[in-house]
2 protein chains.
Amino acid sequence: MPVVLRPIQALRLWQQVCLAEVQNELPDLGERQLAILLTIYLDPPPHTVRGLAQKLNVTKPVITRALDRMGALKLVSRHRDDHDRRNVLIRRTVEGALFVERFGDVIVAKAEELPL
Amino acid sequence: MPVVLRPIQALRLWQQVCLAEVQNELPDLGERQLAILLTIYLDPPPHTVRGLAQKLNVTKPVITRALDRMGALKLVSRHRDDHDRRNVLIRRTVEGALFVERFGDVIVAKAEELPL
DNA sequence: CGAATTCGTTTCGGGACCGTATCATTACGC
DNA sequence: GCGTAATGATACGGTCCCGAAACGAATTCG
């Protein structure tokens, strides 16, 4: 069953979720950081700096710095690749999984509240 | 017909839209700016700085600065209220309406592409 | 081996944004 | 009028982020 969404509903949904995120006191990740985080949690591993940079069409330092910030928040973790020690593999964390899960729940909740 | 969205679909949707916004070259508004813009275009007028600040639960300078930036992008316009010249009324613009409309279309398109 | 390549990080200069406090202007009660 | 309240704008100090360039470490290839 495909997801049916009219433009006005789509915009309302986005507004409600943005409002919820702005109002809560949690650290709000930027659009780029959120895109990176969701990619790590939704796309199949392994994830590398270069791979993420290509997927998002941004430069590598953007990824490095986003990982610094999200790593400090324990949302992701970095590990050297033993097969090619130049690579850094980005992995999920328990905290990150929880964060993403809650975020998904917020979207679903706001979608259910949408006026018809 | 309520909007039905499972968590995994919600997250995928958010990821795809974030990716689309990050990848396009257009100015990317922050989460707050987007929340303000959508509120201006979705909620009934009139809109004032104070009203928006209350609705978003942020301080007034946040609104003023966001309006500065979005005003420079021609997405909104400011006008003095003739009935109470302390007030500033925020109004829509043609460019802003186009921006919002196009944004809604992106969300709808990404929703339709979601895997089941 | 040694040079070139690849990967992730760091540095640098600059811009965007925030929160607090303060300001100028306008409205309103006395 | 005059003081007070309200509105939006501004000043200041600080944090975060960006893009470009340069860098160190690891790998590949001649």
Side-chain angles (χ1 to χ4, degrees), chain A residues 18-19 21-40 45-91 99, chain B residues 18-19 21-40 45-91 99:
Chain A
C18 279
L19 281 176
E21 290 300 305
V22 168
Q23 288 169 347
N24 82 25
E25 310 294 341
L26 300 177
D28 48 298
L29 309 180
E31 204 172 36
R32 290 169 133 94
Q33 291 177 34
L34 195 53
I36 294 170
L37 187 67
L38 290 175
T39 296
I40 293 169
H47 300 289
T48 64
V49 172
R50 177 160 185 79
L52 290 170
Q54 285 179 331
K55 197 166 295 189
L56 301 204
N57 194 31
V58 296
T59 59
K60 287 188 295 179
V62 170
I63 304 296
T64 292
R65 287 182 297 243
L67 294 178
D68 286 344
R69 170 121 174 89
M70 294 193 290
L73 295 173
K74 311 287 188 191
L75 298 179
V76 298
S77 64
R78 278 190 264 215
H79 307 270
R80 280 282 164 195
D81 181 355
D82 283 330
H83 292 38
D84 182 341
R85 303 186 55 76
R86 289 173 301 182
N87 286 330
V88 166
L89 303 179
I90 296 101
R91 293 212 290 257
F99 181 94
Chain B
C18 279
L19 282 177
E21 289 301 304
V22 168
Q23 288 168 348
N24 81 24
E25 311 293 342
L26 300 177
D28 47 295
L29 309 179
E31 204 171 37
R32 288 169 134 98
Q33 292 178 40
L34 195 53
I36 294 170
L37 187 68
L38 290 175
T39 296
I40 293 170
H47 299 288
T48 65
V49 172
R50 176 161 182 76
L52 290 170
Q54 285 179 330
K55 197 166 296 190
L56 300 204
N57 194 32
V58 297
T59 59
K60 287 189 294 182
V62 169
I63 304 295
T64 293
R65 287 182 300 239
L67 293 178
D68 288 342
R69 295 182 287 264
M70 293 193 290
L73 296 173
K74 311 285 188 194
L75 298 178
V76 298
S77 65
R78 278 190 265 215
H79 307 270
R80 280 284 165 195
D81 181 354
D82 283 331
H83 294 40
D84 183 341
R85 302 187 53 77
R86 290 173 302 181
N87 286 331
V88 165
L89 304 179
I90 297 101
R91 293 214 290 257
F99 182 93

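Values in this document were obtained by computation on a predicted structure and should not be read as measured data. Naming: A, B, ... by sequence-line order, numbering from 1 per chain.
Under 4.0 angstrom from either OP1 or OP2 of D:dC17 there lies at least one side-chain N or O belonging to A:Gln33. Considering only side-chain N and O atoms, B:Thr64 lies nowhere under 4.0 angstrom from the phosphate OP1 or OP2 of D:dG8.
For A:Arg69, the side chain to side chain contact (heavy atoms under 4.5 Å, CB included) partners at least two apart in sequence or on another chain are A:Pro27, A:Gln33, A:Leu73. Partners of A:Asn57 under the side-chain hydrogen bond (donor to acceptor under 3.5 Å, both in side chains) rule, at least two apart in sequence or in another chain, do not exist in this structure. Partners of B:Asp81 under the side-chain hydrogen bond (donor to acceptor under 3.5 Å, both in side chains) rule, at least two apart in sequence or in another chain, do not exist in this structure.
As a whole-Å value, the separation of B:Leu29 CG from D:dC18 P is 15 Å. One atom, CD1 of B:Ile36, and another, P of C:dC18, lie 8 Å apart when rounded to the nearest Å. Per the geometry, NZ belonging to A:Lys60 stands 16 Å off P belonging to D:dC18, to the nearest Å. B:Arg78 has its CZ atom 12 Å from the C1' atom of D:dT10, to the nearest Å.
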| field | Contact pattern, 5' to 3', of nucleotides 19-30 of chain D - B, S or - by protein heavy atom under 4.0 Å | value | BBB----BS---

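DNA chain C is contacted by both A:Asp68 and A:Asn87; A:Asn87 maps to the nucleotide lying nearer its 5′ end (nearest heavy atom per residue).
When each of A:Leu67, A:Ile36, A:Leu52 is paired with A:His47, the side-chain contact (heavy atoms from CB on, under 4.5 Å) condition holds for A:Leu52 and for no other.
Side chain of B:Arg80 to main chain of B:Arg85: a donor-acceptor pair is present (N/O by atom type, distance under 3.5 Å, no hydrogens or angles).
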| task | Decide side chain to side chain contact (heavy atoms under 4.5 Å, CB included) for B:Leu89 and B:Thr48; before the verdict, give the C-alpha distance in whole Å, the side-chain angles of both, and the deciding distance to 0.1 Å. | result | CA-CA 5 Å; B:Leu89 304 179; B:Thr48 65; 3.9 Å; yes

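Counting only residues at least two apart or on different chains, the salt bridge (Lys or Arg N to Asp or Glu O under 4.0 Å) pairs with a member in residues 48-68 of chain B are B:Asp43-B:Lys55, B:Asp68-B:Arg78.
In the region residues 45-57 of chain B, proximity to DNA chain C at under 4.0 angstrom, judged on heavy atoms, holds for none of the residues.
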